[in-house]
Amino acid sequence: MAEFLLAAALFVLAMVALGFVRIMRGPGDADRMMGAQLIGAGGIAVLLLVSAATGTGPIVDVALTLALLAAFASVGFFKSAADAPTDDAETADRP
Amino acid sequence: MTDAATLFGLCAAVLVGLGLYGFIVNPQPLRKIIAFNVIGNGVFVLFGAVAHRGGALGWGGDPVPQALLITGLVVAFCASALAVTLLLRLAEEAESVTLAPDVPAPAEPATDARDA
Amino acid sequence: MIETLNAGLALLILALAVWTIVARDTFAAVVGFVAYGMLLTLVWVQLHGVDVALIEGAIGGGLTGAMLVRAAARLRRTEAAARAEHPAVLTRMAAVLVAGSASAALAVAVLTLPDPAPTLAPETATNLAATGMGNPLTGVLLAFRAMDTLLEAIVVLFALIGVWSLAPDRVWGGRPGPRHHADPDGILAYLARVLPPIGLVVGVYIFWIGADLPGGKFQGASIIAAMWLLAVMAGLSDAPPVSRTWLRLALIGGPVVFIAIGTAGISAAGAFLAYPDGLAKPLIKAIEWALMPSLALTLALLLAGVPERPAR
Amino acid sequence: MSLVDLFTVAAVSAGAFFFLAGSVGLLRFPDALTRLHALTKADNLGLGLVVLGLLPRVDGVLGGLKLVAIWLLALLASAAVSQLIARVARRTGPRA
């Protein structure tokens, strides 16, 4: 059973690694944030699977912390985009 | 068990190199801060790998280096926060410098209340 | 199977690290760094440092990410100018050389680590009973290496003083950061109403179990700091002016209690930061309870940033 | 293989499938909003099914509660974050 759970963890890790491709490609900031969000969700799943596979209960607390703070970076992203309404490609290219 | 320590130890060695490269080559200060953090992570992971090798008596790692890692991570975060704040303040001030390069920035009014 | 998982994790981490270094757009690099911070949490778990994983998850995955994302957005207008600066080819070559040799030297060191590994685990185990703690890390942090922890609490405070001292004169002692506004019926305000109570419970829980299981004051304090910042970002709460007396007392409260108990140790147990026999556990608890709110407040205010608005 | 194991294998596999679906969608869909749709499937269903599959394996009520709490927190975070990201994406519009 442990082998299956670890295999599932590996599979999930491989899948969320594709989120990295989205971070690289963009094209918008929002798309990149989504890639990070996917890696965060996958990280939580991997933690839970590893915890069950190795019988290490406290790992669940790590997953709990990540789940609690999963939204934090994205909220920061939203606020910074909201604080600067013109903050975009247009202003980035302004001399 | 030792495999994880060696693997992540080597990973950490590469992280230090990557961070060092970025720290030298990237011109933007924020990128330098990030690169410095990558160096720091490399050092921490290396330390963690060494701690893991020292695991004994049912503990997965030597508790002394692991405890120092916790202190280290918090201090590294504080240093980064200070560096980022400094940078943001610099950007605020430097913006006016860029807009009017010849005019010195206006001095702050001396009548401001300062509380200790 | 676990070896494959570790190898995959290491590869993904390295790929993300390369991206954060070489990406052209700073924001893209920062997002890569956020994802990389979350994955580092998995590395700590695989290195059997669950306590470290907890702090990395709270700080590396949460606080640092939000801080860098916002900084990258605010600095975006300086990007174009910075992009024009290209380091000379010679600099690049030298950088590759320096970085490569540093990596190679470290890799050689990793491969030639002494076997069996030196360890302080047996000493910790022998003396842990005297502290009354079940989690060896808490024992190390507050008994065997208490000096490090004390100095750390003070360094954190110094960093905050550093941040505050960057304030312009006209807002000296004022409220940090901009006043945030959000739609009171919007999703952000909803999130900031629902999440912080849960986060507070989880933060205190992580702090509480730290005596016997992975967890502790640093981890709990980081989570609570993040929750307060969420409420601030949603406009539900506001950062207090940094000149408030209660605020300053709360900030130094933890370190002061730590120093007081440490100084009392000189006469009671013969050394600074030594605990008298049998009293170690209650004293450690007292220090932890005093330190945790101070740390949470300090970390939160560090992220809230420079005072930007007058105190009135 | 016991019934519990069978349940775990089925639910975790289904969860893994949704991570696959989410990742492929995030890569293949044409614009930000459809990609967001794919992402939330991985967050909600992928993680949810993994949690469901692991539930019978936990020891004690507290362990089970923590697992469910993780899933609920992930649901809350993903619901809120997808709205916030969608707003930014709508305002900045598609750009190359």
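The structure presented is a predicted model; accordingly, all values stated were derived computationally and were not measured.
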*Can you tell which part of L27(D) gets under 4.5 Å to a heavy atom of chain A, answering side chain, backbone, both or neither?*
both

*asked:* Need one label for R57(D): side chain, backbone, both or neither, based on atoms under 4.5 Å from any heavy atom in chain A.
replied: side chain

*Name the region of A32(D), side chain, backbone, both or neither, that has any atom closer than 4.5 Å to a heavy atom of chain A.*
both

_NZ-OG distance between K66(D) and S51(A), expressed to the nearest 0.5 angstrom_ = 8.5 Å

*With a 4.5 angstrom heavy-atom cut-off, could you sort out which part of A63(A) is near chain D: side chain, backbone, both or neither?*
both

*Stepwise side chain to side chain contact (heavy atoms under 4.5 Å, CB included) check, S23(D) with L38(A)*: CA-CA 8 Å; S23(D) 304; L38(A) 181 71; 3.6 Å; yes

*Side-chain contact, heavy-atom cut-off 4.5 Å: M1(A) with V9(D)?*
yes

*Work out which heavy atom in A77(D) is nearest to a heavy atom in A70(A); give both atom names and the distance.*
CB-CB, 4.2 Å

*Check the pair F19(D), V16(A) against side chain to side chain contact (heavy atoms under 4.5 Å, CB included), reporting the backbone distance first and the verdict last.*
CA-CA 7 Å; F19(D) 271 105; V16(A) 298; 4.1 Å; yes

_Under 4.5 Å from any heavy atom of chain A, what part of L47(D) do you find: side chain, backbone, both or neither?_
side chain

*Max heavy-atom pair count under 4.5 Å with chain A, selected residue of S13(D), S82(D), A16(D), A86(D)*: A16(D)

*Quick one: pull up CE in M34(A) and NE2 in H37(D) and give me the separation to the nearest 0.5 Å.*
12.0 Å

*Report the C-alpha separation of L26(D) and L18(A) in whole Å, then their side-chain angles, then the decisive distance to 0.1 Å, and conclude whether the side chain to side chain contact (heavy atoms under 4.5 Å, CB included) test is met.*
CA-CA 8 Å; L26(D) 190 67; L18(A) 296 177; over 6 Å; no

*asked:* Can you tell me which portion of L5(A) sits under 4.5 Å from chain D's heavy atoms? Options are side chain, backbone, both or neither.
replied: side chain

_How long is the straight-line distance from CD1 of I85(D) back to CD of Q37(A), given to the nearest 0.5 Å?_
5.5 Å

*Starting at CD1 of I70(D), measure out to CG of D61(A) and round the result to the nearest 0.5 Å.*
8.0 Å

_Set out, in order, the CA-CA distance, both residues' side-chain angles and the distance that settles side chain to side chain contact (heavy atoms under 4.5 Å, CB included) for L20(D) and F11(A), then state yes or no._
CA-CA 9 Å; L20(D) 168 74; F11(A) 180 78; 4.0 Å; yes

*Answer yes or no: are there more than 12 heavy-atom neighbours, outside F17(D) itself, under 6.0 Å from its atom CZ?*
no

*By a 4.5 Å heavy-atom criterion (distance strictly below it), what part of F18(D) contacts chain A: side chain, backbone, both, or neither?*
neither

*Are L54(D) and L49(A) side-chain neighbours, meaning at least one heavy-atom pair lies under 4.5 Å?*
yes

*Beyond-backbone contact of F4(A) with D5(D), side-chain heavy atoms, under 4.5 angstrom*: no

*Tell me, side chain or backbone of S78(D) under 4.5 Å from chain A's heavy atoms, or both, or neither?*
neither

